[in-house]
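Heads up, the thing below is written out as structure tokens.
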Amino acid sequence: MTGRPHAGFHRRVFRMEQVITRFPPSPTGALHIGGARTALFNWLFARSRGGKFILRIEDTDIERSTEESVKAIIDAMEWLELSWDEGPYFQTHRLAVYREYAEKLLGSGHAYWCECSGEELEKRRNAALAEGRKPKYDGTCRSKGLDRAPNRVLRFRTPQTGTTILKDIIKGPIEFENSELDDLVILKSDGVPTYNFAVVIDDLTMGITHVIRGDDHVNNTPRQILIYKALGAKLPQFGHVPMIHGEDRSPLSKRHGATSVMEYKRMGFIPEALLNCLVRLGWSHGDQEIFSRQELIEKFSLETVGKSPSIFTMEKLLWLNAHYIKENSPQELTRLLKPFLAERNYPEKPDHFLAAAIHTLQPRTHTLVEMADAMRFYMVDGIEFEPEAAAKFLTADMSGVFSGLISELSKLETFDEASLEPVFRNTAQDLKVKLGKIAQPVRVALTGGTKSPGLFEIMEVLGKEAVIERLQKGLKYIETV
RNA sequence: GUCCCCAUCGUCUAGCCCGGUCCAGGACAUCGGCCUUUCACGCCGACGACACCGGUUCAAAUCCGGUUGGGGACGCCA
């Protein structure tokens, strides 16, 4: 990620054919699932077209923007490895640029100063709503010819007739009557631009070629198009992706459980899985479910993004995560799992041991959290027996089996799956019992419970010394009951 | 209230643009079976949808209109 923050590049000349996309979060909270997908689509589109991806922080809401949110968003983007080529730019660092363009609009008669107070506006809005009218600005100051003065805002003079057509890459053409629109504020009374103005100026000066964003912005687009036109500027292409909803079909919010990207990191998901899950919300490539990052870059296209909203659930994410856990190398997993291991205060173990243990857990865990929990018996020496498991399997009749096994295993020179299995098979055969009959008690002695990876895998990983020690401890337990 | 968008299995979706090959395909979840030293993995199978009503047509999931439902926007928020 390259961060070269500077603000004065709006005079730069762009090669017209290069694709430039951007992700412009407002730093008023964590990066959530919906935002992450928007970022992903922009990133993917830029990467797939050999273009550029810009990160821009839309912090013009001074009240609600925070440093922590900026950091949280950047952390999440980095975790997802959605690398940006420029930025992060901050709108609050670019105030002079917006003013320059506001002047242009003012000079060409496309903007005017307005002295209507917030309270007054609020009153008129409510009145309009009560009468069943559209709560638009009524144009009180439109032709007053006011000058700049404290407490005045700058409004855009929206054409009152005609239609504006948005040719959306995803939704197709959408037509709006200009008469439905009103004179929006472009500069607040403190001189800070409003969203609709700042995006246009930023997208324009940063040479953004494709604006890919949530479809909650569809209704803003005609206003923005009108500003581009008033400036005599070329329009970028627009693509509005449908929103992601919670299980009750309402927009994703805190009450839908985990919505922030970093919560998924904490829950033990790996970025590839989250990305794979998110990309399939709205986009598809035939029947394919699993995509590597590279494949995504090769196959992604905006034309194949669907138009209808989707619901985010964790079911598929869990499956995808389990898939990536199975596919990843034990070494890579070791790296990913270490923080979760540390969280549990397990004793330190060498990497090769961790990798071997992880290998046995790969097919049976869905998340890193699950895996770290399941690692316990490998990590902790004095494991305790689950009461029910011990009661059922560590029974008096097993004492002979345990002592027999201990002496047989002690004789082994190599202690691996291949050499271990015959010992157990033979013992079972001699006793005329099924392997399971002796396997479960041993499993309880080794792991403390009744569910675990294959017995011989475990033993190989644990090593001869630890295995015999645990069997002896099991035997002692049996003899004391 | 006004404007805008959307509508295929419980969920994610393929198919829709260029009507017939779709009594609608895949995946997740669920259920059943197989495998098996436990739990999983894996494999096999089952369940399960074109929102509704009209129209166009020899023929509609696919085209058109309406209805219903859901969502979004209407801020000196983004």
Side-chain angles (χ1 to χ4, degrees), chain A residues 24-28 58-61 63-65 91 114 116-118 121-122 125 128-137 151-155 166 168 171-172 174-177 179-182 184-196 198-199 214-222 240 242-243 245 247 249-251 277 280-290 306-320 322 326 361-366 374 389 393 421 424-425 428 434-440 442-444 447 449-456:
Chain A
S26 66
T28 52
E58 307 217 324
D59 56 352
T60 52
D61 185 342
E63 300 284 294
R64 295 192 296 159
S65 296
Q91 291 188 321
C114 166
C116 298
S117 71
L121 257 14
E122 177 83 33
R125 245 195 307 277
L129 237 23
E131 288 170 39
R133 286 182 292 114
K134 194 165 177 119
K136 308 193 299 180
Y137 175 62
N151 293 321
R152 286 185 184 167
V153 300
L154 192 64
R155 282 185 187 274
L166 157 60
D168 197 277
K171 305 220 176 231
I174 305 173
E175 210 168 298
F176 298 88
E177 292 298 327
S179 58
E180 290 292 333
L181 277 20
D182 66 354
L184 68 154
V185 172
I186 57 178
L187 245 36
K188 307 178 201 176
S189 52
D190 59 3
V192 177
T194 55
Y195 163 74
N196 278 116
V199 251
D215 72 6
D216 50 338
H217 287 289
V218 168
N219 290 281
N220 285 322
T221 312
H240 288 94
M243 312 248 72
H245 293 172
E247 310 213 27
R249 296 185 182 277
S250 70
C277 188
R280 290 286 286 102
L281 255 32
W283 178 80
S284 61
H285 186 263
D287 285 337
Q288 190 171 345
E289 296 286 347
I290 310 280
K307 300 182 189 184
S308 47
S310 46
I311 296 173
F312 177 80
T313 64
M314 253 166 62
E315 294 171 348
K316 209 159 211 170
L317 175 59
L318 240 14
W319 173 74
L320 245 7
K326 274 180 274 216
L361 260 11
Q362 277 178 277
R364 54 198 97 235
T365 38
H366 294 87
F393 296 107
E421 182 152 0
F424 280 75
R425 296 264 173 221
K434 285 198 168 188
L435 183 57
K437 175 77 179 160
I438 59 175
Q440 279 307 74
V442 171
R443 191 185 309 281
V444 175
T447 71
T450 55
K451 302 180 225 170
S452 81
L455 205 52
F456 313 127

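Below, read A as the first sequence line, B as the second, and so on, with proteins coming before strands; counting in each chain starts at 1.
Contact annotation: A:K316 side-chain N/O to B:U11 OP1/OP2 distance is not under 4.0 Å.
Minimum interatomic distance between A:L281 and A:S310 (heavy atoms only, all atoms of both residues): CG-OG, 3.6 Å.
Separation of the C1' atoms belonging to B:C22 and B:C16 is 12 Å when rounded to the nearest angstrom. Going from the C1' atom of B:C58 to that of B:C53 covers 23 Å, rounded to whole Å. Taking the P atoms as reference points, B:C28 lies 8 Å from B:G42, given to the whole Å. When the P atom is used for both B:U68 and B:G45, the distance is 44 Å, rounded to whole Å. B:C52 and B:A7 have their C1' atoms separated by 11 Å, given to the nearest Å. Taking atom C1' in both B:G70 and B:G33, the straight-line distance is 40 Å, to the nearest Å. Straight-line distance between the P atoms of B:A59 and B:U67: roughly 26 Å, to the nearest whole Å.
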Distances under 3.5 Å between nitrogen or oxygen atoms of protein and nucleotides 42-45 of chain B:
none

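Taking A:K326 as the reference, A:A322 meet the side chain to side chain contact (heavy atoms under 4.5 Å, CB included) condition, with sequence neighbours excluded. Partners of A:Y137 according to the ring pair (Phe, Tyr, Trp, His ring centres under 6.0 Å) rule, which considers only residues two or more places apart in sequence or in another chain, do not exist here. Under the side-chain hydrogen bond (donor to acceptor under 3.5 Å, both in side chains) criterion, A:E247 pairs with no residue, sequence neighbours left out. Taking A:S284 as the reference, nothing meets the side-chain hydrogen bond (donor to acceptor under 3.5 Å, both in side chains) condition, with sequence neighbours excluded.
B:C43 is paired with B:G33 under the criterion used here, namely a Watson-Crick or G-U wobble arrangement in which both key atom distances are under 3.5 Å. Base pairing analysis places B:G20 opposite B:C58; the two distances defining the Watson-Crick or G-U wobble pair are each below 3.5 Å. In this structure, B:A7 forms a base pair with B:U68, meeting either the Watson-Crick or the G-U wobble geometry with both donor-acceptor distances under 3.5 Å. Using the Watson-Crick or G-U wobble rule with both distances under 3.5 Å, B:U38 pairs with nothing in any strand shown. Of all nucleotides present, only B:A73 satisfies the Watson-Crick or G-U wobble test against B:U2, with each distance under 3.5 Å.
No side-chain donor-acceptor contact under 3.5 Å links A:K171 to the backbone of A:L166. The backbone N or O of A:H285 lies less than 3.5 Å from no partner atom in the side chain of A:R280, so there is not a single donor-acceptor pair. The closest donor-acceptor contact from the side chain of A:T194 to the backbone of A:V185 lies under 3.5 Å.
Residue contacts for A:L455: at a heavy-atom cut-off of 4.0 Å it reaches a base atom on one of the strands shown. Residue contacts for A:S452: at a heavy-atom cut-off of 4.0 Å it reaches a base atom on one of the strands shown. Contacts of A:G454 with the nucleic acid, taken as non-hydrogen atoms under 4.0 Å apart, include base atoms. No contact: A:F424 has no heavy atom under 4.0 Å from any strand. A:P242 comes within 4.0 angstrom of no nucleic acid atom, judged by non-hydrogen atoms across all strands.
Looking only at side-chain heavy atoms (C-beta outward), A:F176 and A:V218 come within less than 4.5 Å of each other. Taking the side chain as every heavy atom from C-beta outward, A:S26 and A:D61 never approach each other to under 4.5 Å.
Both A:E289 and A:R280 lie close to RNA chain B; mapped to their nearest nucleotides by heavy-atom distance, the more 5′-ward contact belongs to A:R280. Nearest-nucleotide positions on RNA chain B for A:S308 and A:C277 put A:S308 closer to the 5' end.
For A:E131, the CD atom counts as densely surrounded, since its 6.0 Å shell holds more than 12 non-hydrogen atoms of other residues, nucleotides or ligands.
Of the candidates B:U11, B:C4, B:U38, the closest approach to any side-chain atom of A:T313 belongs to B:U11. The side chain of A:E315 lies closest to B:G10, out of B:C39, B:U37, B:G10.
In the interface, the side chain of A:R133 is not paired with the base of B:U2 through any donor and acceptor atom under 3.5 Å apart.
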Inset, instruction - Using a 4.0 Å cut-off on protein heavy atoms (strictly under), produce a 5'-to-3' string for nucleotides 66-78 of chain B with B for base contact, S for backbone-only sugar-phosphate contact, and - for none. - result: -----SBSBSBBB
